[in-house]
Amino acid sequence: MRRVTKNVRENRTINTVYFNDEESSRARPGQFVMVWEPGYDEFPMSLSNYDSKGLCSVTVKPWGPGSGEMVKARRGDLIGIRGPYGRPFTVDKSSALLVGGGTGLAPLLPLAKALVKEGGRVAVVIGGRSKPDLLFEEQMRRAVRRKNLFITTDDGTYGHKGFPTDLAESMIKERRVGRVYTCGPEIMMRKLYDISVTAGVEFEASLERGMKCGIGICGSCTVGKNLLCRDGAVLDAKDLKDSLDEFGVLQRDQSGRYIKV
Amino acid sequence: MRRVTKNVRENRTINTVYFNDEESSRARPGQFVMVWEPGYDEFPMSLSNYDSKGLCSVTVKPWGPGSGEMVKARRGDLIGIRGPYGRPFTVDKSSALLVGGGTGLAPLLPLAKALVKEGGRVAVVIGGRSKPDLLFEEQMRRAVRRKNLFITTDDGTYGHKGFPTDLAESMIKERRVGRVYTCGPEIMMRKLYDISVTAGVEFEASLERGMKCGIGICGSCTVGKNLLCRDGAVLDAKDLKDSLDEFGVLQRDQSGRYIKV
Amino acid sequence: MVGPSLRVSLAGLRFENPLMLASGIVGVTVPSLTRAIDSGAGSAVSKSIGLEPREGYRNPTLVATQDGGLLNAVGLSNPGARIFAEELSEVRGRHLPIIVSIFGGGPVEFSRVVDILDSQEFLAYELNLSCPHVEGVGTEIGHDPEVVASVVKAVRSRTKKPLFAKLSPNTHKIVEIARAAVASGADGLTAVNTVRAMAINVETTKPTLTHKYGGLSGDAIRSIALAKIYELYEEVKVPIIGCGGVSNWEHAVEMMLAGASAVEMGTALYQGYGVFQDVNRGIVAYMRRKKFRKVQEMVGLGH
Amino acid sequence: MVGPSLRVSLAGLRFENPLMLASGIVGVTVPSLTRAIDSGAGSAVSKSIGLEPREGYRNPTLVATQDGGLLNAVGLSNPGARIFAEELSEVRGRHLPIIVSIFGGGPVEFSRVVDILDSQEFLAYELNLSCPHVEGVGTEIGHDPEVVASVVKAVRSRTKKPLFAKLSPNTHKIVEIARAAVASGADGLTAVNTVRAMAINVETTKPTLTHKYGGLSGDAIRSIALAKIYELYEEVKVPIIGCGGVSNWEHAVEMMLAGASAVEMGTALYQGYGVFQDVNRGIVAYMRRKKFRKVQEMVGLGH
Ligand SMILES: Cc1cc2nc3c(=O)[nH]c(=O)nc-3n(C[C@H](O)[C@H](O)[C@H](O)COP(=O)(O)OP(=O)(O)OC[C@H]3O[C@@H](n4cnc5c(N)ncnc54)[C@H](O)[C@@H]3O)c2cc1C
Ligand SMILES: Cc1cc2nc3c(=O)[nH]c(=O)nc-3n(C[C@H](O)[C@H](O)[C@H](O)COP(=O)(O)OP(=O)(O)OC[C@H]3O[C@@H](n4cnc5c(N)ncnc54)[C@H](O)[C@@H]3O)c2cc1C
Ligand SMILES: Cc1cc2nc3c(=O)[nH]c(=O)nc-3n(C[C@H](O)[C@H](O)[C@H](O)COP(=O)(O)O)c2cc1C
Ligand SMILES: Cc1cc2nc3c(=O)[nH]c(=O)nc-3n(C[C@H](O)[C@H](O)[C@H](O)COP(=O)(O)O)c2cc1C
Ligand code: FES
Ligand code: FES
C-alpha cells in the first residue's frame with residue numbers, strides 16, 4: 001500500500017491526491033491506476049502527475065463512497081495502488097488539440113507535457129460549466145504556450161462563453177490540427193469524435209466505464225468488443241467506429257445491462 | 001526433461017550417461033543432480049562432467065531399479081534432471097590429495113580439473129577391488145600430472161597392491177598435503193577422516209544418503225543435524241565432528257531407522 | 001502427411017478446437033464471447049446468468065494473490081436471463097459456438113432461467129452449481145448430491161440442449177456429486193470452479209475483498225484441478241471439460257492426459273485474447289512431435 | 001519502552017515465539033527438530049509417527065509445481081512409534097518444545113501409538129487425520145466427523161497431554177469436523193494439511209509422482225488455508241495453529257489476523273533453517289510499527 005503525501009484542493013469539488021509509487025511513475029500519458037480506498041471501494045483513476053522521483057497523483061471528483069473518501073485523504077493515509085494499466089495516448093509530433101472537461105483534464109495534463117517535450121504544436125481547450133469548475137488552468141498554462149491555451153465556460157463567467165466542442169470545432173476548421181485528444185463527459189467526446197471524423201482528423205479519447213479487475217479478466221468494462229482496461233482506456237477513431245451505438249449513448253451498468261451514459 | 005546424448009561404458013559395471021542441461025553445466029565440483037528415470041525411480045547423482053556448452057554427465061553403477069535402468073540408457077531417451085544442488089568442494093590452491101573409490105570418482109573428476117586450473121598441486125589416488133573395477137584412470141591422467149596419479153587395487157592386479165587409504169596415509173605423512181578430498185565407500189572415507197584429523201590436515205568428503213527432495217524439505221538425508229542435500233553432500237571435518245557415531249557407521253533407511261552403512 | 005487435427009466432439013457437439021473461454025471471463029456480453037471465438041477459442045461460455053439482474057459486490061472484487069493466483073468475489077453480477085436472451089437474439093443465425101452458463105438458488109430458479117433462455121440459439125448449458133442454496137438449507141448447492149440431482153433433473157426436463165454440470169473443487173465428495181449429476185441427465189462435467197480462499201491485507205489488517213471470501217483461480221489451482229479431473233475420469237463415463245489454471249499448451253495437454261476432452265481458460269486471459277491461438281499452436285506442435293493425429297488420442301492417456 | 005514480545009501461550013503451553021516447524025519437514029529425526037528449535041522456531045512438530053516402521057513410496061515423492069507449490073506423496077514414511085520413543089528418550093531432561101505428530105488407521109491404532117509414546121518428554125500431540133481410514137470404510141479419516149470424534153476420544157482417554165487436531169482442507173465440512181474434534185477433547189486445531197493435487201508430465205504423459213496423487217503445499221495453498229482459518233476462528237472457540245504456504249513475516253501475520261495463535265512453516269524450509277529468525281524479525285518490526293505489544297493482540301483482528 002502507499003501513503004498519501006499530500007492532498008491539494010483544485011477547485012470547489014476536485015482534489016489532487018499525491019502518493020509515491022515507483023511503478024506508476026513509469027506510466028505513459030493516459031494510463032490509469034486502480035485506487036483502493038480501504039473499506040470503501042476500488043476504482044480506476046487516470047494518473048494526473050508522475051515524475052522521475054516516483055511522486056504521482058490522481059485527481060478526484062467525489063461521486064460515490066470511494067471517491068468521496070478519497071477527496072478527504074490526509075497525509076499518511078494508506079491507499080492501494082495497482083497499475084499503471086491500459087493503452088496510453090499516442091505521443092508524436094502531429095499538431096495536437098487537447099479538449100478536456102472536468103476530471104477529464106487529469107490524463108490530458110501529462111499528455112500536454114509529453115507532447116510539448118516531443119516538440120509538436122499543442123493547443124488545449126479547458127471547458128467547465130462555470131469559472132469555479134475549471135481544472136488545471138494554471139498547470140496547463142505552465143505546460144503549453146499562453147496563446148495555445150483556451151478556456152470555455154457554459155455560462156460565460158470566464159474565457160469563451162459556450163461549450164468546448166464549439167471552440168474546438170472552429171479550431172479544427174481554421175487551423176492545421178493533426179490529432180484531437182479528449183477526455184471528459186462522454187457526450188462531449190462523442191461530439192468531438194463526429195467533428196474529427198468529418199474533418200478527417202485523427203482522434204483519441206480516454207473513456208470511462210465501471211472496472212473491476214483492470215487487467216482484462218472480468219469483462220465489466222466493455223465498449224463493444226473492446227475491453228476498456230486493456231484495449232483502452234484510450235480508444236482511437238478506428239476502435240470506436242464499431243461502437244457508435246454505445247459511445248456517447250449507452251454503457252453497461254454493474255450487472256451488464258445497458259444504461260444511458 | 002532432457003534427452004540422453006550418449007552412454008559410455010566405463011568399466012565392467014559403471015557407465016557414464018551424457019545429456020544437455022544448461023543449469024547443470026553451471027555446477028561446481030561436488031554438486032549433484034536429482035535424476036529421474038521415469039517409471040523407475042528418482043535418485044541423486046554427482047555430476048561427473050559439465051562443460052561450457054551445456055554437455056553434462058552422471059556416472060552410474062547399477063544398484064536398484066532406477067540406476068539399473070539408467071545404465072541401459074540409449075541416445076534419445078528422456079530423463080528428468082533437477083539441480084544442481086548442494087554445497088560444492090572447496091576449490092583453492094591448497095595442496096590437494098583426492099582419494100576415490102568406485103563411483104566416488106564421479107565428483108572427483110571435475111574437482112581435479114578445477115583444482116589444476118586454480119593452480120594448486122593435485123595428487124589423485126584411484127582405488128578399486130581389481131583392475132576391471134577402476135574408474136576414470138584415463139580421464140584423471142589427462143587432468144593431472146602423470147607422477148601425481150596413483151592407482152591401488154585390493155588384489156594387486158594393477159598399480160599398488162592394497163587399499164587406497166594405506167597409500168593415502170603414507171602420502172599424507174610424507175608430503176605436504178593441505179587438504180584431503182574423498183568420495184567412495186563410507187568406511188574408506190571415515191578412515192581417511194581419522195587419518196586426516198590426526199595429521200592435522202583439512203578434510204572434505206562427499207557422502208551418500210537416501211534423498212527424496214534434494215532441497216532441504218523432507219529430512220530423509222540427515223547425517224546428524226546436517227541435511228546432506230543442502231549442508232552437503234560435501235561435508236568437512238567440522239561438519240562431521242558431531243556425527244562420528246553415524247559417519248562410516250550408521251545411516252537412516254527410508255523409514256528413518258538406523259541401519260549399518 | 002496431413003497435420004494433426006484439433007477438432008473435438010463431445011456430448012454430441014463439435015468444436016474447431018478443444019479450447020473454451022471459461023465462464024465469467026470477459027464474456028459478460030455477446031460481443032466479448034464473439035471476440036473470444038474469433039480469436040481462436042473453439043467455444044465460449046457466458047458469464048453465469050440468473051433470473052434477475054445482479055450488480056454483484058462492491059470493489060475490491062478481485063485481487064491478485066502473491067502465488068500467481070487470482071482471487072475473485074464478483075458476486076455473480078449479470079444482467080438477468082431476459083436481457084441476456086435479448087442479447088443472444090441479436091446473433092441468431094450466426095451459429096456461434098456459445099455455451100450459456102446459468103445459476104440459481106435451487107431447481108425452481110434454474111428451471112425458470114432455462115425457460116427464458118431456451119428458445120435462443122446456443123449450443124449447450126453449463127450449470128454453475130457453486131452458489132448458495134437459497135431455496136434450501138443455505139449451504140452451497142454443489143456440495144450436496146441430492147440438490148445437484150434435483151437441479152439437473154429439473155433442467156433436463158425443460159431442454160433438449162446438452163448439459164454440463166460445473167463442479168466445485170471444495171468438497172471431498174466430487175465423485176459422488178458427479179455421479180448424481182450424470183444419473184440425473186448431465187451430458188458432461190466441467191471440472192473445476194474456483195477454490196475457496198481469502199487474502200488479508202496486513203496494513204488494513206482486514207480481508208481485502210469486500211465479500212471477504214473469494215474464489216481462487218489461475219496457476220495456483222491447476223494441480224488441484226488436475227487431480228479432480230483424473231479422479232473423475234476413472235469414476236464417471238461422460239466427457240469432462242477441464243478448467244483451472246491453464247495458461248499455456250503444456251497445461252492444456254496435462255488436462256487432456258488427465259481425462260479432459262476440452263479445456264477452458266479463464267484467468268489466462270490476462271495475456272489477452274491471443275492466448276487461444278498461442279495455446280492451440282502449442283498443442284499442434286506437441287501432437288506433431290508425439291505423433292498424435294487427433295485430440296481424442298491424448299484424452300485420458302495419463303491413466 | 002520495551003519492544004514487542006513474541007511469546008505466545010496456547011492450550012496451556014508457552015512458546016518463545018509463534019513459529020513452529022510443520023510436521024514432515026526436516027523433522028524426521030530428533031536432531032533435526034532440535035536444529036529447528038535452535039534456529040528460532042518456538043516449537044517443532046515431528047514427522048507423523050505410526051505404529052510400525054514405514055518406508056513410504058518410491059521416488060519421485062516430491063515435485064515442484066510451476067505455481068510455486070510443492071507436491072508430495074512421501075507416504076508417511078516413519079520409523080514407527082517404538083524407535084521414535086527411544087530417540088526421544090535420548091533428549092529427556094532438555095525440555096525441548098517438541099510436539100509429536102501421530103497417525104493411524106482409526107481409534108485403535110492411534111491409541112496404541114499414544115501408549116508407546118506417552119511416557120516420553122514432549123509437549124503435546126498433533127493428530128494427523130489425513131490418512132486413509134483402514135479400520136473403517138477406507139475414505140480419509142479427516143473427512144468424517146464421526147471417525148474424527150472417535151479418534152480424538154480414544155487419544156484423549158489415554159493421555160493428559162494437549163491434543164491438536166490437524167485438519168484436512170479437502171472437505172467442505174471442516175467446521176463440522178473441527179466441532180467434532182473439540183467436543184471430543186481436542187485442545188486446539190491445526191489448519192491445514194496439504195491440498196490434494198497432481199502433476200502430469202507431458203513428455204511421459206503420466207503422473208509424475210509414483211503415488212500419482214499428492215499433497216500440495218507452499219505458496220499455492222496459502223490463500224486457501226487462510227480462508228479455512230478465518231472460518232474456523234468464527235465457529236470454534238479453541239486456539240488455532242495456522243499452516244499452509246507461510247514463507248515470510250507478512251504471511252505469518254496474515255494468518256494471525258485470520259485467527260491463528262501460532263503459525264507452522266513447512267515448505268518455506270527450502271530457504272534454510274534461517275527462515276525462522278527472518279520471519280520472527282519481520283513480525284517484531286511489524287508489531288513495532290503497528291504498536292502491538294503482544295502477539296495475542298493481532299490474533300483474529302481481521303474479523
Ligand atoms: C480509465 C478511467 C480513468 C478515470 N479517471 C478518473 C479521474 O482521473 N478522476 C475521477 O474523478 N474519476 C475518474 N474516473 C471515474 C472514476 O473511476 C469513478 O468516478 C469512480 O468509480 C467513482 O467511484 P466511487 O466509489 O466514488 O463511486 P461509485 O460508487 O462507483 O459511483 C457512485 C455513483 O456516481 C456515479 N458516477 C461515478 N463516477 C461518475 C462519473 N465519472 N460521471 C458520472 N457519474 C459517475 C455512478 O454511476 C454511481 O451512480 C475514471 C474512470 C476510468 C475508467
Ligand atoms: C550426493 C549423492 C551423489 C551420488 N552420486 C552417485 C554417482 O555419481 N553414481 C552412482 O552410481 N551413485 C551415486 N549416488 C548413489 C545413488 O544415488 C544410489 O545408488 C541410487 O539411489 C540408486 O538408486 P536405485 O533406484 O537404482 O536403487 P535403490 O532402489 O535406491 O537401491 C537398491 C538397493 O541398492 C542399495 N544401494 C543403492 N545405492 C547403493 C550404493 N551406492 N552403495 C551400496 N548400496 C547401494 C540400496 O540400499 C538398496 O538396497 C549418489 C548419492 C548421493 C546422495
Ligand atoms: C472474475 C471471475 C469471474 C468468474 N465468474 C464465473 C461465473 O460467473 N460462473 C462460473 O461458473 N465460473 C466463474 N468463474 C470461474 C471460472 O469460470 C473458472 O472456473 C475458474 O476461474 C478457474 O479457471 P482459470 O484458472 O482458468 O481461471 C469466474 C472466475 C473469475 C476469475
Ligand atoms: C514433504 C512433506 C511431508 C509432510 N509430511 C507430513 C506428515 O507426516 N504429517 C503431517 O501432518 N503433515 C505433513 N506434511 C504437511 C505439512 O506439515 C504442512 O501441513 C503442509 O506442507 C502445508 O504447510 P506449508 O505450505 O508450510 O508446507 C508434509 C508436507 C511435506 C511438504
Ligand atoms: S476491468 Fe475487468 S476486464 Fe476491464
Ligand atoms: S533430500 Fe530432502 S531434505 Fe535432503
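In what follows, chains are A, B, ... by sequence order, proteins preceding strands, each numbered from 1. Computed from a predicted structure; not experimentally measured.
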Would D:M198 and C:R222 satisfy side-chain contact (heavy atoms from CB on, under 4.5 Å), going step by step from the backbone distance to the final call? CA-CA 9 Å; D:M198 176 180 280; C:R222 183 172 52 258; over 6 Å; no

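- Interface summary for chain C: among D:V253, D:N170, D:I174, the most heavy-atom pairs under 4.5 angstrom belong to D:N170.
- Using cut-offs of 30° and 60° on the angle between ring planes, the pair D:H172 and C:H172 is parallel.
- Scanning all heavy atoms of the two residues, the minimum distance from D:L226 to C:A199 falls at CD2-CA, 4.0 Å.
- You'll find the side chain of C:E203 reaches within 4.5 Å of the side chain of D:R289, heavy atoms only.
- Interface remark: D:L216 contributes side-chain atoms only to the contact with chain C (heavy atom separation under 4.5 Å).
- What you find for D:G302 and C:P207 is that their closest heavy atoms are O-CD, 3.1 Å.
- Within the 4.5 angstrom heavy-atom criterion, atoms from both the backbone and the side chain of D:Y230 approach chain C.
- Only the side chain of D:H251 comes within less than 4.5 Å of a heavy atom of chain C; its backbone N, CA, C and O stay farther away.
- D:K173 touches chain C through its side chain: at least one heavy atom from C-beta onward sits under 4.5 Å away, while N, CA, C and O do not.
- Across all their heavy atoms, C:I224 and D:I224 have their closest contact at CD1-CD1, 3.8 Å.
- Using modelled atom types, no side-chain atom of D:K290 and backbone atom of C:T205 make a donor-acceptor pair closer than 3.5 Å.
- Contact annotation for D:V202: both backbone and side-chain heavy atoms come within less than 4.5 Å of a heavy atom of chain C.
- Checked against D:L257 for a side chain to side chain contact (heavy atoms under 4.5 Å, CB included), the options C:N201, C:I200, C:T204 give a single hit: C:I200.
- With a threshold of 4.5 angstrom between heavy atoms, D:T171 approaches chain C through its backbone and through its side chain.
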Test log, rule side-chain contact (heavy atoms from CB on, under 4.5 Å), inputs D:K212 and C:H303: CA-CA 9 Å; D:K212 296 184 178 173; C:H303 292 260; 5.9 Å; no

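- Counting non-hydrogen atoms of other residues, nucleotides and ligands closer than 6.0 Å to NZ of D:K291 gives a total of 12 or fewer.
- Comparing D:A220, D:A197, D:G245, D:S223 by heavy-atom pairs within less than 4.5 Å of chain C, the highest count is held by D:S223.
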